[in-house]
Amino acid sequence: MHKDLIFPEIKNVYVVAVKEWNDDFGANIWIAYLVNHQEEEIDNIMVVTKASGTLQGEMRKTSLLRHAYPVLGAFSATKIELIPPDLEVLDNEFMVTFFQGKTLYDKKYFITKAQFAESNLQRLPVLEKDGIIAR
């Protein structure tokens, strides 16, 4: 039965992180975005996020956060959530599920703590800003 399931490859849909000014923190903070860099919209989107890793010799894990979006248009982006400084030292996971037409897509994206270095910045599609693309 499982062999009958087809998991198509996701192309041109990304999770990215951009450093932007945040008034609440009074500093530039990483913000995660979902980017649709294709000619068709995607819909019924669910993004589940969590972070985990070792901090000062102890295993740390955040709660799961769930974000739902009815539609994300072609060549557009939407904010997922802030990544505050205390989560930059953990590995962040984004589980993205969406429909495109009648096809269901599902993928896990990761931004590791090592990726938050300024040396990893690159020009991001759609947003036209420098940031990090999750792998």
Side-chain angles (χ1 to χ4, degrees):
M1 185 133 178
H2 286 292
K3 68 181 182 343
D4 297 330
L5 296 175
I6 298 171
F7 294 99
E9 181 182 355
I10 293 178
K11 295 180 181 178
N12 298 320
V13 174
Y14 310 102
V15 171
V16 302
V18 177
K19 230 175 189 181
E20 295 179 348
W21 180 260
N22 182 279
D23 289 332
D24 293 335
F25 284 91
N28 282 324
I29 301 294
W30 289 103
I31 299 176
Y33 285 88
L34 180 63
V35 175
N36 180 10
H37 188 224
Q38 50 186 347
E39 294 180 3
E40 285 184 58
E41 70 181 22
I42 60 177
D43 58 31
N44 295 311
I45 305 156
M46 176 67 74
V47 181
V48 179
T49 65
K50 67 179 181 178
S52 62
T54 305
L55 184 61
Q56 298 174 345
E58 289 184 38
M59 184 61 178
R60 300 289 177 133
K61 190 164 78 170
T62 65
S63 299
L64 290 177
L65 296 178
R66 293 170 182 85
H67 310 275
Y69 308 94
V71 134
L72 183 59
F75 300 105
S76 62
T78 189
K79 285 183 183 181
I80 300 172
E81 65 186 21
L82 296 175
I83 304 173
D86 54 334
L87 294 185
E88 289 178 36
V89 297
L90 301 175
D91 296 327
N92 290 264
E93 180 179 322
F94 303 84
M95 295 169 277
V96 177
T97 304
F98 63 88
F99 279 91
Q100 189 165 37
K102 293 183 179 183
T103 304
L104 177 67
Y105 292 86
D106 185 61
K107 183 175 179 177
K108 286 185 183 179
Y109 295 87
F110 298 91
I111 299 177
T112 64
K113 60 185 174 188
Q115 285 180 272
F116 285 109
E118 298 289 326
S119 61
N120 291 326
L121 296 180
Q122 58 186 327
R123 200 68 175 167
L124 300 175
V126 177
L127 292 172
E128 294 302 321
K129 297 179 180 180
D130 291 336
I132 299 165
I133 297 180
R135 299 169 208 247

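Put simply, the side chain of N28 gets close to the backbone of W21: a donor and an acceptor are under 3.5 Å apart. Put simply, the side chain of N36 gets close to the backbone of E40: a donor and an acceptor are under 3.5 Å apart.
Taking all atoms of both residues into account, the shortest heavy-atom contact from A114 to N120 is O-ND2, 3.1 Å. Smallest separation of non-hydrogen atoms from V18 and L127: CG2-CD1, 3.9 Å. A pairwise comparison of heavy atoms in M59 and S52 identifies CE-CB, 4.2 Å as the closest pair. Across every non-hydrogen atom of A77 and V126, the tightest pair is N-CG1, 4.1 Å. Nearest heavy atoms, G73 versus S76: O-OG, 2.5 Å. Counting all heavy atoms, side chain and backbone alike, L34 lies closest to V15 at CD1-CG2, 4.2 Å.
Atoms CD and CD1, on Q115 and I133 in that order, are 10.0 Å from each other to the nearest 0.5 Å. Rounding to the nearest 0.5 angstrom, the gap separating the CD1 atom in I83 from the CD1 atom in I132 is 7.5 Å. How far CZ of F75 is from CD of E41: 13.0 Å, rounded to the nearest 0.5 Å. A distance of 9.0 Å separates CG in N92 from OG1 in T112, rounded to the nearest 0.5 Å. Distance check, rounded to the nearest 0.5 Å: CD of Q38 to CG of L72 gives 9.0 Å. Here CH2 of W30 is found 7.0 Å from CZ of F116. Values are rounded to the nearest 0.5 Å.
Atom CD of E128 has more than 12 heavy atoms from other residues, nucleotides or ligands within 6.0 Å.
Salt bridge R60/E58: present, at least one basic N to carboxylate O contact under 4.0 Å. Taking a cutoff of 4.0 Å between a charged side-chain nitrogen and a carboxylate oxygen, E9 and K107 do not qualify as a salt bridge.
Using modelled atom types and a 3.5 Å distance limit, the side chains of Y33 and E20 yield a donor-acceptor pair. Side-chain contact, D106 with T97: a donor N or O sits under 3.5 Å from an acceptor N or O. Side-chain contact, E81 with T49: a donor N or O sits under 3.5 Å from an acceptor N or O.
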Go through it in stages, so that I can follow the logic: the residues are Y109 and E93, the test is side-chain contact (heavy atoms from CB on, under 4.5 Å), and I'd like the CA-CA distance, side-chain angles, deciding distance and then a yes or no. CA-CA 6 Å; Y109 295 87; E93 180 179 322; over 6 Å; no

Worked verdict on L124 versus V35 for side-chain contact (heavy atoms from CB on, under 4.5 Å): CA-CA 9 Å; L124 300 175; V35 175; over 6 Å; no

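Counting only heavy atoms from C-beta outward, the side chains of Y105 and V96 never approach each other to under 4.5 Å. Side-chain contact between R66 and M46 is present, with at least one heavy-atom pair separated by less than 4.5 Å. Two residues are said to be in side-chain contact when any heavy atoms from C-beta on lie closer than 4.5 Å; R123 and D130 meet this criterion.
Checked options V13, N44, D43; the residue passing with F98 is V13 (criterion: side-chain contact (heavy atoms from CB on, under 4.5 Å)).
Between Y14 and H37, the two ring planes are tilted [angle within 30° to 60°].
Under the 4.5 Å side-chain contact rule for hydrophobic residues, I111 and L121 share a cluster. Under the 4.5 Å side-chain heavy-atom criterion for ILVMFWY residues, a single connected hydrophobic cluster contains both I42 and Y69. I10 is connected to V47 through a chain of hydrophobic side-chain contacts under 4.5 Å among Ile, Leu, Val, Met, Phe, Trp and Tyr, so both are in one cluster.
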